[in-house]
2 protein chains.
Amino acid sequence: MTEALLQLDGEGPLHEQIRKAFARKISARELKPGDRLPFEHELTDALNISRMTISRALQALADEGLIVRKRKAGSFVAEQVSHHTPMTIGVPREDIQAAGMTYRYELLSTVGTSAALPGNERGVQAEKMKILHLTCRHLADETPMVMERRWINLEAIPKVSVSVFNDTPPGEWLLSHVAWNEAEHVISAVAADRESALHLEVDEGTACLKLDRRTWSGSATVTHVTLIYPGDRKSFVGRFQPAGLDPEAG
Amino acid sequence: MTEALLQLDGEGPLHEQIRKAFARKISARELKPGDRLPFEHELTDALNISRMTISRALQALADEGLIVRKRKAGSFVAEQVSHHTPMTIGVPREDIQAAGMTYRYELLSTVGTSAALPGNERGVQAEKMKILHLTCRHLADETPMVMERRWINLEAIPKVSVSVFNDTPPGEWLLSHVAWNEAEHVISAVAADRESALHLEVDEGTACLKLDRRTWSGSATVTHVTLIYPGDRKSFVGRFQPAGLDPEAG
DNA sequence: CAGTGGTCTAGACCACTGC
DNA sequence: CAGTGGTCTAGACCACTGT
């Protein structure tokens, strides 16, 4: 009882101090998966801190996935920390300019059709939509960085003149003009097909990184894009700290 | 004034109703980037809801990155929704068993050295560490799914007999025995080298997906693993809803 | 059915910051 | 320096759930 129930560092908001204190203990395995944390009322008594503040700290830990809270039972260290790595997936311009290189965009072709979107397993397939298909590429210091094949559902977006895409990358135009509420990314590896190899200036069969992105607004597909990067010109990086602690802690 | 400031659906906790109401408006571009949300006190007055509850809802939106809150100025719709896609990156066993296939693990080689970890740009390089290097592969229904090259910093983990890894995949053993607080994932594409091609039973040069994962405990590297998947046997999928809304909303 | 977390309130003080 | 959000409290009622 004379032993402190929790060691606070005295810096920053109380709820953050409490959250970090438990995050540290969990990260250091001082509290192991399945262990029960003190009850809220125990912490309020021991630390002389309002229950709302305690609750806020524990709620944050639950949101991070570090603990699981059960009524009548208590709060427990989660059995498995989720491995949801946040991956930053931006438009090609960002990658290229972030590397200090000059960005250039090149439209290769546009075709209007009324077929269905390829690989569209969701929602209403039966009805035909007006689809715009286009191919383009993005260059870094005049070296082709990525080839893009894109399908746009013209019935799900505001009216637009195709000539817009002569100068503006479709991904960027869509991002700033179209509302969407769900996206899916699929990363895979493929050998460069003939057309991609040509536009990317690599040998056919070269190992390439492929990113497929589908975007929905409600149940309607807005756009589907396939980006093909030569393997040595791109990687996706994700970094994360499962306990949400400051660096150098531990 | 007779116009409702915000339309609540009357289901679930108040703070969630408020959060979703604004998330919908932002998702539908009814509130555009840069627009100011009502002040907390305006919402308290208009909705007759306590400021703590209002604050909690807006705080959640800020945590999601949908809005930015500035003292003395107000709360504003964020200029750009962050594109941090949550990618699920698990151990090979999970992928294989989730697909309903039989999992098998095979240790190929182990080598103990005292060199530095390759590509270790962080922390103290000067001192030598005791490193265990091993290669192994994971099979799905007896088809090689992924080849693994791993380096383990034996000075950063509990004592372990190398024979453990005859039967237990090192990734899984480390996950359940070693505390770590930071991880980095890098996804890229490479052509299969001779050794990988052999163990994966594909042609040399086959396009492969490569996942590099580095794990740290404090400033010490715990482990570094390179996973090589034949391009047609693996992809990484990430799905997200930037506004945190229920499906079918919109 | 007793005890936990989930939510909500009315009020308070404070830090920061744009004007 | 005035107004915003950030934090905290003491208390309350309720929903859920393990025993």
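Values below: every heavy atom of this structure, side chains too, minus hydrogens, waters and symmetry copies. Here is how names work: the chains are called A, B, and so on, in the same order as the sequence lines, proteins then strands, and each is numbered from 1.
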Asks: Side chains of Thr221(A) and Trp216(A): is there a donor and an acceptor less than 3.5 Å apart?
Replies: yes
Asks: When you measure from the side-chain N and O atoms of Thr53(B) to the phosphate of dT9(C), is any distance below 4.0 Å, counting only OP1 and OP2?
Replies: yes
Asks: Ion pair present between Lys234(B) and Asp95(B), side-chain N to carboxylate O less than 4.0 angstrom?
Replies: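 Salt bridge: yes.
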Asks: Please identify each residue that fulfils side chain to side chain contact (heavy atoms under 4.5 Å, CB included) with Lys72(B), with sequence neighbours left out.
Replies: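 Lys72(B) satisfies side chain to side chain contact (heavy atoms under 4.5 Å, CB included) with no residue once adjacent residues are dropped.
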Asks: Would you call the rings of Trp180(B) and Phe240(A) parallel, tilted or perpendicular if under 30° counts as parallel and over 60° as perpendicular?
Replies: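 Aromatic pair Trp180(B)/Phe240(A) classed perpendicular.
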Asks: Please confirm whether the shortest side-chain N or O distance from Gln59(A) to OP1 or OP2 of dG5(C) is below 4.0 Å.
Replies: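 So the side-chain polar atoms of Gln59(A) never come under 4.0 Å of the phosphate oxygens OP1 or OP2 of dG5(C).
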Asks: Want to settle it: does Ser55(B) or Ala73(A) sit nearer the 5' end of DNA chain D, counting the closest nucleotide to each?
Replies: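 Nearest nucleotide further toward 5': that of Ser55(B).
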Asks: Specify the separation, in whole Å, of atom CD of Gln17(A) and atom P of dG6(D).
Replies: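 Going from Gln17(A) (CD) to dG6(D) (P), I get 18 Å.
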Asks: How long is the line joining CD1 of Ile54(A) and P of dT4(C), in whole Å?
Replies: 14 Å
Asks: From CG of Leu58(A) over to P of dG6(C), roughly how many Å is that when rounded to an integer?
Replies: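 Computing the Leu58(A):CG to dG6(C):P distance gives 9 Å.
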Asks: Expressed in angstrom and rounded to an integer, what is the separation of Met52(B) atom CE from dA12(D) atom C1'?
Replies: 14 Å
Asks: Within the pair Arg56(A) and dT7(D), is there a side-chain N or O less than 4.0 Å away from OP1 or OP2?
Replies: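 Checking dT7(D) against Arg56(A), a side-chain N or O does come within under 4.0 Å of OP1 or OP2.
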Asks: Go through the structure and list residues passing side-chain hydrogen bond (donor to acceptor under 3.5 Å, both in side chains) with Ser163(A), not counting sequence neighbours.
Replies: Ser161(A)
Asks: Listed in order of residue number, which residues of residues 43-50 of chain B have a non-hydrogen atom at under 4.0 Å from DNA chain D?
Replies: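 Contacts with DNA chain D under 4.0 Å: none.
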Asks: Decide yes or no for Leu37(A) and Leu43(A): does some side-chain heavy atom of the first lie under 4.5 Å from some side-chain heavy atom of the second?
Replies: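 They are not in side-chain contact.
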Asks: What does Leu14(B) touch in the nucleic acid at a heavy-atom separation under 4.0 angstrom: a base, only the sugar-phosphate, or nothing?
Replies: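 Since only primed, P, OP1 and OP2 atoms lie under 4.0 Å of Leu14(B), the category is sugar-phosphate.
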Asks: CZ of Arg19(B) versus P of dT7(C): gap in Å, rounded?
Replies: 12 Å
Asks: Rounded to the nearest 0.5 Å, what separates atom CD1 in Ile187(B) from atom OH in Tyr229(B)?
Replies: 9.5 Å
Asks: Go through residues 61-72 of chain A and report each residue with a non-hydrogen atom lying under 4.0 Å from DNA chain C, sorted by number.
Replies: Arg69(A), Lys70(A), Arg71(A), Lys72(A)
Asks: Between Arg150(A) and Thr223(A), does the side-chain hydrogen bond (donor to acceptor under 3.5 Å, both in side chains) criterion hold? Intermediate values first, please.
Replies: CA-CA 7 Å; Arg150(A) 182 180 289 269; Thr223(A) 187; 3.1 Å; yes
Asks: Among all residues two or more places apart in sequence or in another chain, which pass the side chain to side chain contact (heavy atoms under 4.5 Å, CB included) test with Arg36(B)?
Replies: Phe39(B), Glu42(B), Phe76(B)
Asks: Not counting sequence neighbours, which residues clear salt bridge (Lys or Arg N to Asp or Glu O under 4.0 Å) with Arg69(B)? List them please.
Replies: Glu40(B)
Asks: Tell me which residues in residues 34-41 of chain A lie within less than 4.0 Å of DNA chain D, going by non-hydrogen atoms.
Replies: none
Asks: By ring pair (Phe, Tyr, Trp, His ring centres under 6.0 Å), which residues pair with Phe236(B), not counting sequence neighbours?
Replies: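 For Phe236(B) there are no ring pair (Phe, Tyr, Trp, His ring centres under 6.0 Å) partners, ignoring immediate neighbours.
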Asks: Treat a base pair as Watson-Crick or G-U wobble with both distances under 3.5 Å, then lay out DNA chain D in dot-bracket form, 5' to 3', with | for cross-strand pairs.
Replies: ||||||||||||||||||.
Asks: Test: salt bridge (charged side-chain N to carboxylate O under 4.0 Å, His left out). Region: residues 215-226 of chain A. Which pairs qualify, not counting sequence neighbours?
Replies: none
Asks: Holding to salt bridge (Lys or Arg N to Asp or Glu O under 4.0 Å), I want the full list of residues that pass it with Arg233(A), two or more places apart in sequence or in another chain.
Replies: none
Asks: Looking at residues at least two apart in the chain, or sitting in another chain, which of them share a side-chain hydrogen bond (donor to acceptor under 3.5 Å, both in side chains) with Thr226(A)?
Replies: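 Thr226(A): side-chain hydrogen bond (donor to acceptor under 3.5 Å, both in side chains) contacts with Asp212(A).
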Asks: Which whole-number value in Å describes the distance from Arg51(A) CZ to dT7(C) C1'?
Replies: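 For the pair Arg51(A) CZ and dT7(C) C1', the rounded distance is 9 Å.
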